[in-house]
Amino acid sequence: MPEYEFVPPPEHLESSNIYRLMQRHGISSLNDLSERAVRDPEWFWQSVDGDIGIRWFRQYSHVLDAKNGAAWTRWFPDGQTNIYYSSVEKFAETDPRRTAYVFVSEDGSSETATYQEIDTKVSRLANGLLSLGVKKGDVIAIYMPMIQEAILAILAAAKIGAVQTVIFSGYGAESLHTRLHDSGATVLFVTDGYTRKGKKISQEQTVRDAIRETRVKKTIIAGRAGLDCYEGMDTIHYDVLADQSDVCPTVPMDSEDPLFILYTSGTTGRPKGVVQPHGGFSVFAGHQTAYLIDAKKDDLLFWPADIGWITGLVWNVYGIMLAGAGAIIYDGAIDYPDLNAVWRIIAKYRVTIFGISPTAARMLKKHGAQPQKTHSFETVKRIPVTGEPLDEETWRWLFELGGKKIPIMNLSGGTEIGGAMLSVLPGMSLRPSTVGMPVPGMSVDCVDEMCMSVRKKDGYLVVRSPWPAMTRGLLGDEKGYIKTYWSRFENVWFHGDYVFVDADGLWYMRGRTDDVINVSGHRMSTAEIEHAAITHEGVSDAATVAIPDDVTGEAIVIFYVGDGRPDRVSGADVAALVAQKIGKLARPRHVFELSAMPKTATGKTMRRVLKARLLGTDPGDLSPLENPQVLDEIPHIG
């Protein structure tokens, strides 16, 4: 194997939260901790609960109950808690003046709120919801940009035991309607329009179309852009609703009571409703924030991840509040008014943890961003990355951003996981693009067709035993839940990804199992082919699909996006590079240049749409697609 490109000093581990946990239990290494956690999950998760300080109204009788099978494991049974009780409320009592949030708009304006101030505002809004008749178990939908009112709505719902479903504010009417109807939401939070890249965006017509034939009874409007009036609808202004007493008791919730419903992005068709409970998610979100990104009370997180995705909910809302740290919530585009928007925020507010998606990093890299020449990164200690596989070139760009001194905390998981299951941990030596190791407490494995462990070759990503934030089924689709995750191997969670583990135990993502191309009996992942294409200095993004072939079974087609240089890279150049790096079998049958990849709002490329348009077949649900105009560039060869 090549040498490590990052070897941390001893203090990276010795000053970390996870080292504190190891020291308490006499454990000397990350591998030893992981092995003991797999052998004795009850010991591990009870230790995590105590270490991160989850508060219980009533202590649980035992850690887990799997009598109904692994797929339906219950965590912390008989316990009563509320995630709000262990996060905002806890620190409003113990450290009220500590900064909880800095709300920043793309025009540069900002507002800082302490834990005490957030607790007061949440209590007022919670009382407002109660005045509308909202009760424990009712579903509240939040269709808002990254503004303070959205964060408060999430927390207020949790405080009174309502179930929240956060819906990305960029979705159209069909996607919004699907989620409102499926979740049974009765209250909907929206804005009177908002601003993005200096332009006012209306929500009114989308909302009017989406709430038809749903259970939504009341729409709550937060003032933002002054664009929408919602005349004739049953609405109430946010400020009126939140003009209440600032004393509101937090509702004790059974450990398995639902906290939120979050929908997957829908790249494979109809979105799936993932359900997370108060107890298990409290422990897991605290675990993720304390041990993976190593957040401490004096940290300030800046991770431009929308609260409509699991990354946003885990780290920007619940996880960071469970850690008693602070976060910047940015309501704006990362490249507006220019490519330095993000770097100015990091420097101005002295950010210590900076999170980014591979798509965002590639976009900034493509446009030639060189922030290290104009901005200081002296306060940044860690750079977590997630959302899709991280290619080596982008990893190196991020690594150089931090002067090759800041660890790239690449991690991978999913909505159904409740966070990450593979992650770089503090104190690990790294190679480009690695996702580190299985997070302690999760029995993650790389297996072959017979579910036997394999190393130094591609295998299926599975989890051999349950964990606290495993989704509690799929909303309204128990059969689909079992079929999707538990039918491939008995009592083993099948995640649908290919992974690779090197000789030193470092893990790497290889792409989705349904993104594998079989050419003449040789199986190649789309991620492997795409990573080869992206290594060309003139290519900023790439996607690969398979088409039928009478001789080889399948043939490779590559789509790529150029980096905008005058001397444009040709399709022949891309094909030659892929064949050189992987082998002649990987030489694509066709190579097409696009102005951009068809992507969801989370930055995931919709390969099924590329293939469908190419072959002239039905592409399925296009509502998650953020840039449908690019479909007109895809040729038809079927």
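Between I345 and V351, the shortest heavy-atom distance links the atoms O-CG2, 4.0 Å. Counting all heavy atoms, side chain and backbone alike, I417 lies closest to F284 at O-CE2, 3.7 Å. Residues T359 and K599 approach most closely at OG1-NZ, 4.0 Å, considering heavy atoms. The two residues G459 and V454 have their closest heavy-atom pair at CA-CG2, 4.2 Å. Taking each heavy atom of I261 and G273 in turn, the nearest pair found is CG2-CA, 4.2 Å. Shortest non-hydrogen contact noted between R472 and T73 is NE-O, 4.2 Å.
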For this session: Report the C-alpha distance between V569 and E537 in whole Å, list the side-chain angles of each, state the deciding distance to 0.1 Å, and finish with yes or no for side chain to side chain contact (heavy atoms under 4.5 Å, CB included).
Result: CA-CA 9 Å; V569 60; E537 63 180 6; over 6 Å; no

Problem set entry | CA sep, side-chain torsions, deciding dist, call: F6, T434, side chain to side chain contact (heavy atoms under 4.5 Å, CB included) | CA-CA 11 Å; F6 175 72; T434 181; over 6 Å; no

For this session: Please test N31 against S34 for side chain to side chain donor-acceptor pair (under 3.5 Å), starting from the C-alpha separation and ending with a verdict.
Result: CA-CA 5 Å; N31 284 332; S34 185; over 6 Å; no

Exercise. Going through the checks in order, is the side chain to side chain contact (heavy atoms under 4.5 Å, CB included) test met by V424 and L292?
Worked result: CA-CA 7 Å; V424 170; L292 307 194; over 6 Å; no

Exercise. Which is it for W493 and M470 under the side chain to side chain contact (heavy atoms under 4.5 Å, CB included) test, yes or no, and what are the steps along the way?
Worked result: CA-CA 10 Å; W493 174 284; M470 183 176 73; 3.7 Å; yes

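Looking only at side-chain heavy atoms (C-beta outward), F500 and C446 stay at 4.5 Å or farther from each other. In this structure the side chain of M428 never reaches within 4.5 angstrom of the side chain of P8, judged on heavy atoms. Residues F302 and I346 are in side-chain contact: their nearest non-hydrogen atoms beyond the backbone lie under 4.5 Å apart. Counting heavy atoms from C-beta on, the side chains of I517 and V545 never come closer than 4.5 Å. In this structure the side chain of L461 reaches within 4.5 angstrom of the side chain of M421, judged on heavy atoms. The shortest side-chain heavy-atom distance between P588 and V557 does not fall under the 4.5 Å cut-off. Looking at heavy atoms from C-beta onward, D632 lies out of side-chain contact with I634 at the 4.5 angstrom threshold. When side chains are defined from C-beta on, V447 does not count as touching M452, because their heavy atoms never get closer than 4.5 Å.
Atom-to-atom distance recorded for F281:CZ and Q276:CD is 5.5 Å, nearest 0.5 angstrom. How far CG of D563 is from NZ of K365: 8.5 Å, rounded to the nearest 0.5 Å. Here L301 contributes atom CG and I328 contributes atom CD1; the two are 8.5 Å apart, rounded to the nearest 0.5 Å. Rounding to the nearest 0.5 Å places CD1 of I408 at 8.0 Å from CG of L390. Taking NZ of K272 as the reference point, atom CG of L262 lies at 11.5 Å (rounded to 0.5 Å). The CG atom of D497 lies 6.0 Å from the OG atom of S412; values are rounded to the nearest 0.5 Å.
Summarising the local packing, CZ of R455 is surrounded by more than 12 heavy atoms from other residues, nucleotides or ligands at distances under 6.0 Å. Summarising the local packing, CZ of R589 is surrounded by 12 or fewer heavy atoms from other residues, nucleotides or ligands at distances under 6.0 Å. The neighbour count for E490 CD, taken as heavy atoms of other residues, nucleotides or ligands under 6.0 Å away, does not exceed 12. Crowding of E633 atom CD: a count of heavy atoms from other residues, nucleotides or ligands under 6.0 Å exceeding 12.
Taking the charged nitrogens against the carboxylate oxygens, E530 and R607 do have a contact shorter than 4.0 Å, which makes a salt bridge. Using a 4.0 Å cut-off between charged nitrogen and carboxylate oxygen, D502 and K457 do not count as a salt-bridge pair. K381 has no carboxylate O lying under 4.0 Å from a charged side-chain N of D294, or vice versa, which leaves the two without a salt bridge.
Judged purely by atom type and a 3.5 angstrom limit, W315 has no side-chain atom pairing as donor or acceptor with the backbone of A285. Proximity of a side-chain donor or acceptor of T471 to a complementary backbone N or O of G473 within less than 3.5 Å is detected. Under the 3.5 Å distance criterion, the side-chain polar atoms of T415 are left unmatched by any main-chain donor or acceptor of I310. N410 contributes no side-chain N or O that, together with a main-chain N or O of T386, makes up a donor-acceptor pair within less than 3.5 Å. A distance-only check finds a donor-acceptor pair linking the side chain of N627 to the backbone of M597 [under 3.5 Å]. Here the side chain of S540 pairs a donor or acceptor atom with the backbone of V561 at under 3.5 angstrom. Put simply, the side chain of Q288 never gets that close to the backbone of G319: no donor and acceptor are under 3.5 Å apart. Without hydrogens or angle criteria, Y330 side chain to A333 main chain gives a donor-acceptor distance under 3.5 Å. Proximity of a side-chain donor or acceptor of D335 to a complementary backbone N or O of L339 within less than 3.5 Å is not detected. Side chain of D477 to main chain of G480: a donor-acceptor pair is present (N/O by atom type, distance under 3.5 Å, no hydrogens or angles).
A parallel orientation is assigned to the rings of Y498 and Y460, their planes being inclined by less than 30° (bins at 30° and 60°). Ring geometry, H287 versus Y291: the interplanar angle exceeds 60°, so the pair is classed perpendicular (tilted spans 30 to 60°).
The ring of F168 has its center closer than 6.0 angstrom to the ring center of Y171. A distance of 6.0 Å or more separates the ring centres of W303 and F354. F559 and F592 have their aromatic ring centers within a separation under 6.0 angstrom.
A side-chain contact (heavy atoms from CB on, under 4.5 Å) with Y560 is found for one member of T544, D541, V539 and no other, namely V539.
Among residues at least two apart or in separate chains, salt bridge (charged side-chain N to carboxylate O under 4.0 Å, His left out) pairs with a member in residues 391-404 are E5-R396, R362-D391, E392-R396, E393-R396.
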